[in-house]
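Worth knowing before you read on, the calculation uses all heavy atoms, side chains too, and leaves out hydrogens, waters and symmetry mates. So that the names make sense, note that chain A is the first sequence line, chain B the second, and so on, each numbered from 1.
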There are 2 protein chains.
Amino acid sequence: MNMNKNLKKAGLKATLPRLRVMELFLNEAGTHFTAEDVYKRFLTEGDEIGLATIYRVLTQFEHAGLLQRHHFETGKAVFELNEGNHHDHLVCIECGKVEEFLDEGIEKRQKEIAAERGFAVQDHALYIYVDCLRENCPNRAAKLSHTKPL
Amino acid sequence: MNMNKNLKKAGLKATLPRLRVMELFLNEAGTHFTAEDVYKRFLTEGDEIGLATIYRVLTQFEHAGLLQRHHFETGKAVFELNEGNHHDHLVCIECGKVEEFLDEGIEKRQKEIAAERGFAVQDHALYIYVDCLRENCPNRAAKLSHTKPL
DNA sequence: AAACCATTTAATAATCATTATAAATTAATT
DNA sequence: AATTAATTTATAATGATTATTAAATGGTTT
């Protein structure tokens, strides 16, 4: 199957933790998970996979290009399936909801800006922090970003 | 003097640690410091100001609008003087050098993107990670970003 | 399929950045 | 100068993540 092939290509053995992680990200493409999200998810499903293992697997998958890591202002890293399509993020500071977008104009302008200054772009991160204005936020209580002022 | 006034307005007493921190950022406007940078700087100057105090003061200054906090992909927060001029950052992944820029087109487009989706922009962070291509990087050894793939 | 061996996991402990706590000190006010 | 609340110091605690090491497992070979 697809999963095994991905792992093989990355030179990684098909172990239970890795299959579970891969499966989760494939099944829920587009979702952003922290290491702990993944850990807890498995716990509730009956799989006791150590948190350190989760971290290791996520990092390996990132290096293998299977996942992407992002650092929002929440203090913890989030991972999502790497579907090859670069995009930026809108992050709701009230509920943590994440939406993706891509704007060619912005992409192009970034390259120009770096080039104007003699730099070679390696990567970029654009996070727009918003208020989604939903009164019924599932986790309006568990706010993000206690450090960043608005 | 200027410094005392700033602190007063923020409802903060003019203590030695706060004056030293303020002074440092004023004297080196445009520079980005981590809490530890500040801590070490004072040490070499003979002032033993606790790291926890530095953290507290930096956070207070941030809340008072005197400093701005940024999270690059280095894992630690950096602070710079808030001169009122919003700007984004080009960060060299080889040497840590930071350059600032502002592009009205990008700013405008961001607002549009959020608005199109019914969100209210609270803040944003745009970091372009580049290679400054300087062979003589002062700290080409002490690289940044071991986590983020290029 | 049993044996082999390198890889991987699990269970910790360690680390790094940052925040909280509680006792001692100090700035602003009386 | 005395009072009091704010602040610093020193230290412990926390939260996210990484390192360590012995035990277990996957893939391969016989």
Side-chain angles (χ1 to χ4, degrees), chain A residues 1 3-22 32-40 42-43 46-64 67 69-79 96 142-148, chain B residues 1 3-22 32-40 42-43 47-64 67 69-79 142-148:
Chain A
M1 44 226 9
M3 277 185 264
N4 273 331
K5 228 179 270 173
N6 282 342
L7 294 179
K8 271 277 168 58
K9 191 156 37 171
L12 298 170
K13 286 183 181 170
T15 66
L16 183 84
R18 302 218 258 237
L19 289 171
R20 279 276 184 288
V21 171
M22 198 69 238
H32 296 74
F33 294 97
T34 64
E36 205 161 347
D37 290 341
V38 175
Y39 175 72
K40 282 183 186 158
F42 291 153
L43 271 189
D47 287 316
E48 284 251 10
I49 299 173
L51 184 54
T53 300
I54 305 287
Y55 271 107
R56 194 165 1 84
V57 170
L58 290 174
T59 301
Q60 289 168 334
F61 282 7
E62 183 201 10
H63 289 144
L67 297 181
R69 181 195 302 247
H70 303 288
H71 291 93
F72 302 149
E73 305 253 332
T74 56
K76 46 182 78 172
V78 297
F79 296 82
K143 287 195 188 174
L144 302 171
S145 183
H146 35 268
T147 57
K148 186 93 183 184
Chain B
M1 39 211 34
M3 275 185 266
N4 272 330
K5 228 179 267 172
N6 281 343
L7 295 177
K8 272 276 169 57
K9 192 154 40 171
L12 298 170
K13 284 183 185 171
T15 66
L16 182 83
R18 300 217 258 237
L19 289 172
R20 278 275 183 288
V21 171
M22 199 67 238
H32 296 75
F33 294 98
T34 65
E36 206 160 348
D37 290 340
V38 176
Y39 174 70
K40 283 182 185 157
F42 291 154
L43 271 190
D47 288 316
E48 283 251 12
I49 299 173
L51 184 54
T53 300
I54 304 287
Y55 270 106
R56 195 165 0 85
V57 170
L58 290 174
T59 301
Q60 289 168 333
F61 281 7
E62 183 201 9
H63 289 144
L67 298 180
R69 180 193 304 245
H70 304 289
H71 292 91
F72 302 147
E73 304 253 331
T74 58
K76 47 181 79 173
V78 297
F79 296 82
K143 288 195 188 174
L144 302 172
S145 182
H146 36 267
T147 56
K148 185 93 185 187

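Minimum atom distance to the side chain of Ala14(A) is reached by dG27(D), of the listed dA28(C), dG27(D), dT18(C). You'll find that the side chain of Leu51(A) is closest to dT17(D), out of dT17(D), dT8(D), dT18(C). For Tyr55(B), taking side-chain heavy atoms from C-beta onward, the closest of the listed nucleotides dG26(D), dT19(C), dT7(D) is dT19(C). Relative to the side chain of Ala52(A), the nucleotides dT9(C), dT18(D), dT8(D) differ in distance, and dT18(D) lies closest. Taking only side-chain atoms of Ile49(B), from C-beta outward, the nucleotide of dG27(D), dT17(D), dT9(D) with the closest atom is dT9(D).
Counting any heavy atom pair closer than 4.0 Å across all strands shown, Thr15(A) reaches sugar-phosphate atoms only and no base atom. Across all strands shown, Lys76(B) has heavy atoms under 4.0 Å from sugar-phosphate atoms exclusively, and none from any base. Backbone-only contact: Leu12(B) has heavy atoms under 4.0 Å from sugar-phosphate atoms and none from a base. Among the heavy atoms of the strands lying under 4.0 Å from Ala77(A) are primed sugar atoms or P, OP1, OP2 only; no base atom is included.
When every heavy atom of Phe79(B) is checked against every heavy atom of Arg69(B), the shortest pair comes out as CZ-CZ, 3.6 Å. Considering every non-hydrogen atom in both Leu7(A) and Lys13(A), the closest pair reads CD1-O, 4.3 Å.
Side-chain N/O atoms of Arg18(A) include one lying less than 4.0 angstrom from OP1 or OP2 on dT8(C). Applying the 4.0 Å criterion to OP1 and OP2 of dT7(D), one finds that Arg56(B) has every side-chain N and O outside that range.
Comparing Glu48(A) and Gly75(B) against DNA chain C, the residue whose closest nucleotide sits nearer the 5' end is Glu48(A).
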